[in-house]
Protein chains: 2
Amino acid sequence: MNGAEALLRTLAAAGIDTCFSNPGTSEMHFIGALDRVDGVRGVPVLAEGVATGAADGYARMARRPAATLLHCGPGLANGIANLHNARRARSPVVNLIGDLSQVHRPHDPPLASDIEALAGTVSGWTRTCRDAHAVAGDCAAAAAAAQDRREIASLVLPSDVCWGEGVGPAAPLAPAPGTPLEPSAISQACEWLAEGAGTVLLLGGDALLAPALPWAAAIAQRTGARLMAESSIARSERGRGRPDVPRIPYAPALAVQALQDARRVVLAGARSPVFSFAGPDGRSGPLAEGTLVHELAGPAQDVAGALRQAADALACAPWRAGPEAPALPPARGAVTPEAFAASLAALLPAQAIAVDEGVSFGRAVYGRMGAAAPHDWMQLTGGAIGCGMPLATGAAIAAPGRRVVNLEADGSALYTVQALWTQAREQLDVTTVIFSNRRYAILFDEMARVGAAAGRRAHDLLSLDRPAIDWVRLAESLGVPAERAETMEAFNDAFAGAVRHRGPHLIELVI
Amino acid sequence: MNGAEALLRTLAAAGIDTCFSNPGTSEMHFIGALDRVDGVRGVPVLAEGVATGAADGYARMARRPAATLLHCGPGLANGIANLHNARRARSPVVNLIGDLSQVHRPHDPPLASDIEALAGTVSGWTRTCRDAHAVAGDCAAAAAAAQDRREIASLVLPSDVCWGEGVGPAAPLAPAPGTPLEPSAISQACEWLAEGAGTVLLLGGDALLAPALPWAAAIAQRTGARLMAESSIARSERGRGRPDVPRIPYAPALAVQALQDARRVVLAGARSPVFSFAGPDGRSGPLAEGTLVHELAGPAQDVAGALRQAADALACAPWRAGPEAPALPPARGAVTPEAFAASLAALLPAQAIAVDEGVSFGRAVYGRMGAAAPHDWMQLTGGAIGCGMPLATGAAIAAPGRRVVNLEADGSALYTVQALWTQAREQLDVTTVIFSNRRYAILFDEMARVGAAAGRRAHDLLSLDRPAIDWVRLAESLGVPAERAETMEAFNDAFAGAVRHRGPHLIELVI
């Protein structure tokens with residue numbers, strides 16, 4: 001058995017059954033081995049940013065890593081922006097990066113580059129395999145590193161280790177124990193939570209999912225402490241019958257306002273909040289000076305267990321949802337952020353997965369989705385735009401049978417629009433809504449916020465209206481049916497139709 | 001004057017008048033300053049790979065660097081693949097990479113990443129600016145590094161150095177002297193060249209352009225030494241009335257054959273030849289064992305001067321073109337590589353710039369272009385596909401009034417198809433020909449070459465036919481008029497029409 005086959009069988013044994021692939025010459029033996037090994041599905045993508053973003057979306061839903069297959073340093077480089085987002089989401093990913101054969105590389109052929117340096121910027125684990133006999137063991141180590149620490153593991157594979165004779169697959173490594181909870185951290189958190197008013201229980205990571213989320217809500221119900229979610233949410237379970245957790249707003253001024261009464265912040269799977277960008281005033285985060293911050297459990301710990309112990313210590317009754325608000329109809333008339341949010345809350349199918357890269361227009365949506373049918377919500381975590389379409393692609397592959405609804409700002413969507421082709425090829429149930437405002441709207445806001453004067457040239461450089469992008473044709477060219485909506489009535493009809501049918505669909509919502 | 005304005009004025013003073021821009025929040029002061037400073041044209045792009053590839057194409061034509069404006073580490077990462085190609089082409093580029101403000105970065109906000117590590121993989125010069133007072137000097141140093149050493153210079157700009165008060169622009173640095181020519185290297189080369197048969201004069205870099213190329217041809221005419229070009233050509237001046245230099249073939253077996261009679265190789269601006277990929281046989285390059293290799297002048301030296309000195313020492317008469325072959329008509333009938341090459345040679349407008357990322361279908365074209373009207377030829381240099389459309393975009397901006405003809409394999413084109421929008425926005429005279437074979441054809445060849453067995457799954461992963469990409473709609477969606485051709489007659493008509501009209505156009509050639 002050659003190294004490629006041993007590698008592939010090791011992946012399958014470790015439970016990694018999906019490989020988002022954009023291969024090149026040096027990965028041919030791996031591709032060849034796919035026909036001899038069952039249990040790993042190769043999903044082709046047209047660009048590496050789609051592969052890595054899809055692996056992120058897959059991991060957020062499946063709670064286990066997918067693999068990516070990337071071609072040498074430049075192929076990895078193309079995937080780094082979405083690996084950056086995946087790292088911030090704590091999504092496990094196993095990157096398989098082909099390289100030149102080891103006897104060839106010293107001759108500095110055109111594709112030679114420093115792959116380990118590139119990989120190191122986003123990976124918690126990086127290794128170059130040196131021998132066909134080592135490839136199975138290296139692969140098992142990569143899978144374990146990704147799974148145990150929820151990190152990105154990057155394994156560089158010179159082509160000779162794939163075509164050389166290997167020793168057969170390696171068994172999965174035993175899971176490593178996590179960082180144990182600290183009783184003193186829990187008791188300190190309980191003291192603060194018991195204060196009720198003035199305490200914020202800030203949720204991130206697993207704390208926004210069952211079983212942790214209902215425990216957090218039980219604590220809030222019992223103590224009067226306020227629940228909030230981190231500004232960037234990797235995944236949260238939302239909708240009717242679930243706790244409705246407001247998010248720290250993106251805009252610094254609004255974030256400061258949302259946390260102005262916080263005197264104590266208890267972190268559950270969350271980091272202490274910071275702004276995405278600081279302005280010239282030098283302020284870096286929304287907490288007022290003197291606000292106390294304490295970590296109940298970190299993102300790498302058993303957050304659900306910590307919240308359960310805290311709830312027990314505080315003698316909390318199980319969380320009970322309040323009376324359900326009457327369902328509201330979809331909005332009519334002009335397209336506004338608020339109207340869109342109302343329509344989406346009314347029309348989102350139950351068990352949908354909403355992927356939000358709506359940037360400025362999309363900000364109003366999250367807050368309304370507590371009234372929607374139960375769903376999962378995920379969004380950009382690392383600030384590198386171009387993640388939404390790939391995330392939606394990977395989430396749909398991880399959760400077949402569930403509708404994925406991808407809210408996309410037009411500027412962001414254009415980075416990785418190639419994902420639509422994979423959605424068409426795999427006939428994924430993804431409904432994409434493009435917020436078509438024909439400019440990088442967020443940057444107009446930022447110009448003002450940081451006090452940069454914007455004249456005609458600046459305006460021109462931040463606009464996408466010359467020519468306007470025809471999203472209907474763009475989607476159709478890649479095999480995804482599409483239509484345009486300019487009123488809420490048209491959107492409501494288009495959306496209701498799209499989510500009833502299998503396969504991908506795109507709606508250009510002109511805003 | 002704030003740092004951003006000082007930076008921009010320094011760029012302009014250094015002769016850098018074009019900035020391919022994909023900005024984000026941290027670059028807003030730079031964008032704002034564009035309205036206050038004349039002399040630097042901002043060209044917006046939808047994705048960073050377009051910015052960096054366009055800067056490469058610009059530099060190859062203009063012989064001086066353009067700037068790119070990129071957003072933090074992920075923005076740079078998206079541009080690295082084409083910077084890798086630019087580095088292999090020895091194209092000078094000045095990257096301006098925005099970053100978080102220095103007081104904010106220690107809080108590890110979402111976009112924080114190791115920009116210097118990323119930049120270091122492709123840059124000859126990397127620096128992070130620490131102070132608004134230093135930004136102009138740092139920018140002058142970056143421009144000089146790029147220009148003097150034909151390297152990639154990456155300047156990281158925390159946003160506070162842009163919004164802080166600067167000291168005004170810096171003057172350009174004096175050019176650094178290059179590596180002098182060595183008389184002994186020239187005399188040794190002359191000895192070998194004088195042997196005539198059995199000596200190959202291998203040209204790369206500037207040796208493929210005037211004034212070097214006619215000197216090389218004069219030497220060959222005088223001595224009987226054979227001219228060849230490197231396998232990957234950054235830029236060469238070709239066509240009727242110019243020396244017709246065959247290229248080392250890409251395929252290892254053909255490259256070995258092309259150089260089998262070479263006993264001595266004199267390098268003029270070229271590197272000693274290596275294959276792009278070695279196979280399991282372990283052979284790394286096309287030269288037979290025992291072939292002698294000597295460098296007349298390296299890529300960083302005055303290659304034209306070295307060739308001129310060698311030609312003088314060898315008492316060469318100026319090169320004279322042979323009798324011109326009669327012009328042949330464009331091909332008719334079925335679309336084949338040979339038919340396409342014949343049509344392009346017949347129809348290419350004089351002074352066109354041909355950008356070749358035709359990969360497997362396109363290999364036949366170069367050899368026929370000696371019979372075309374005088375033109376420039378450029379191609380993929382670093383093996384990272386996705387360079388062609390950006391190169392064409394940058395070349396068109398550097399050389400207004402000249403027709404750019406971009407030959408694109410469909411799989412390669414899909415990495416950076418966003419470049420079409422910039423071509424539409426700037427109304428660039430780029431005619432794109434998509435070789436639409438609906439698969440990664442080169443990889444089918446490679447599977448066989450390296451002995452990887454390819455079954456149904458492998459075949460499926462390397463195919464682009466489910467669904468087929470509709471290139472006409474794709475181009476139109478981004479503002480570029482397009483049509484489809486399925487016969488040579490249809491192609492000839494479409495191409496002749498496209499190059500007569502101003503602005504971009506795309507032809508999907510179904511092959």
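Chain letters run A, B, ... following the sequence lines, proteins first and then strands; every chain starts at 1. Keep in mind that the numbers below use all heavy atoms, side chains included, and drop hydrogens, waters and symmetry copies.
- Proximity to chain B (any heavy atom under 4.5 Å) is restricted, for V43(A), to the backbone atoms N, CA, C and O.
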Could you go through the side chain to side chain contact (heavy atoms under 4.5 Å, CB included) check for L111(A) and F277(B) one step at a time?
-> CA-CA 9 Å; L111(A) 266 164; F277(B) 296 96; 3.3 Å; yes

Side chain to side chain contact (heavy atoms under 4.5 Å, CB included) between Y415(B) and L46(A), intermediate numbers included = CA-CA 7 Å; Y415(B) 287 84; L46(A) 297 179; over 6 Å; no

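- Smallest separation of non-hydrogen atoms from H107(A) and S284(B): CD2-OG, 3.2 Å.
- At a 4.5 Å heavy-atom cutoff, the contact between P23(B) and chain A is made by backbone and side-chain atoms alike.
- Annotation: maximal heavy-atom pairing with chain A below 4.5 Å, among I80(B), V103(B), L118(B), V417(B), occurs at L118(B).
- Contacts between W421(A) and chain B at a heavy-atom distance below 4.5 Å involve backbone atoms as well as side-chain atoms.
- Heavy-atom pairs under 4.5 Å with chain B were tallied for V50(A), L76(A), V274(A); the largest tally goes to V274(A).
- For chain B, the nearby part of L462(A) is the side chain; its heavy atoms alone come within less than 4.5 Å.
- Looking at E27(B), H71(B), M28(B) one by one, the single match for side chain to side chain contact (heavy atoms under 4.5 Å, CB included) with L443(A) turns out to be M28(B).
- The residue among P110(B), P273(B), A81(B) with the most heavy atom pairs within less than 4.5 Å of chain A is P110(B).
- With a threshold of 4.5 angstrom between heavy atoms, R105(B) does not approach chain A through any atom at all.
- Residues L34(B) and L461(A) form a side-chain contact, since some pair of their non-hydrogen atoms from C-beta on lies under 4.5 Å apart.
- We find the CZ-CG distance between R473(A) and L474(B) to be 11.5 Å, quoted to the nearest 0.5 Å.
- Of the atoms belonging to S101(A), it is side-chain heavy atoms, and not backbone ones, that fall under 4.5 Å from chain B.
- When P106(B), G479(B), A117(B), A458(B) are compared by the number of non-hydrogen pairs under 4.5 Å with chain A, A458(B) comes out ahead.
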So S113(B) and H84(A), side-chain hydrogen bond (donor to acceptor under 3.5 Å, both in side chains) or not? Walk me through it.
-> CA-CA 8 Å; S113(B) 68; H84(A) 173 91; 4.7 Å; no

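- If you tally non-hydrogen atom pairs under 4.5 Å between each of N82(A), I385(A), N78(A), T25(A) and chain B, the highest count goes to T25(A).
- Residues A112(A) and R88(B) approach most closely at O-NH2, 3.1 Å, considering heavy atoms.
- Only the side chain of L100(A) comes within contact range of chain B, with heavy atoms under 4.5 Å apart.
- A 4.5 Å side-chain heavy-atom check between D470(B) and E476(A) finds every atom pair outside the cut-off.
- With a 4.5 Å cut-off on side-chain heavy atoms, R457(B) and R36(A) do not count as touching.
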Please lay out, stage by stage, how Q418(A) and Q418(B) fare under the test side chain to side chain contact (heavy atoms under 4.5 Å, CB included).
-> CA-CA 10 Å; Q418(A) 293 90 339; Q418(B) 293 89 341; 3.5 Å; yes

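- When each of G32(A), S159(A), G383(A), A278(A) is scored by its heavy-atom pairs under 4.5 Å with chain B, the top score falls to A278(A).
- Of the listed residues (T381(B), D460(B), L478(B), D160(B)), the greatest number of heavy-atom pairs within a distance under 4.5 Å of chain A belongs to D460(B).
- Proximity to chain B is absent for every atom of V480(A), based on heavy atoms less than 4.5 angstrom apart.
- Of the atoms belonging to V472(B), not a single heavy atom falls under 4.5 Å from chain A.
- Taking each heavy atom of S276(B) and P109(A) in turn, the nearest pair found is O-CB, 3.7 Å.
- The residue among R283(B), E446(B), R87(B) with the most heavy atom pairs within less than 4.5 Å of chain A is E446(B).
- Interface summary for chain A: among P44(B), A47(B), G382(B), the most heavy-atom pairs under 4.5 angstrom belong to G382(B).
- At a 4.5 Å heavy-atom cutoff, the contact between V45(B) and chain A is made by backbone atoms alone.
- With respect to the salt-bridge test (charged N to carboxylate O, under 4.0 angstrom), the residues D108(A) and R271(B) qualify.
- Heavy atoms closer than 4.5 Å to chain B are found nowhere in F30(A), neither backbone nor side chain.
- Only the backbone of S463(A) comes within contact range of chain B, judged by heavy atoms closer than 4.5 Å.
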Start with the C-alpha gap between N22(B) and Y440(A), add the side-chain angles, then the distance that decides, and say whether side chain to side chain contact (heavy atoms under 4.5 Å, CB included) holds.
-> CA-CA 10 Å; N22(B) 190 259; Y440(A) 296 108; 3.8 Å; yes

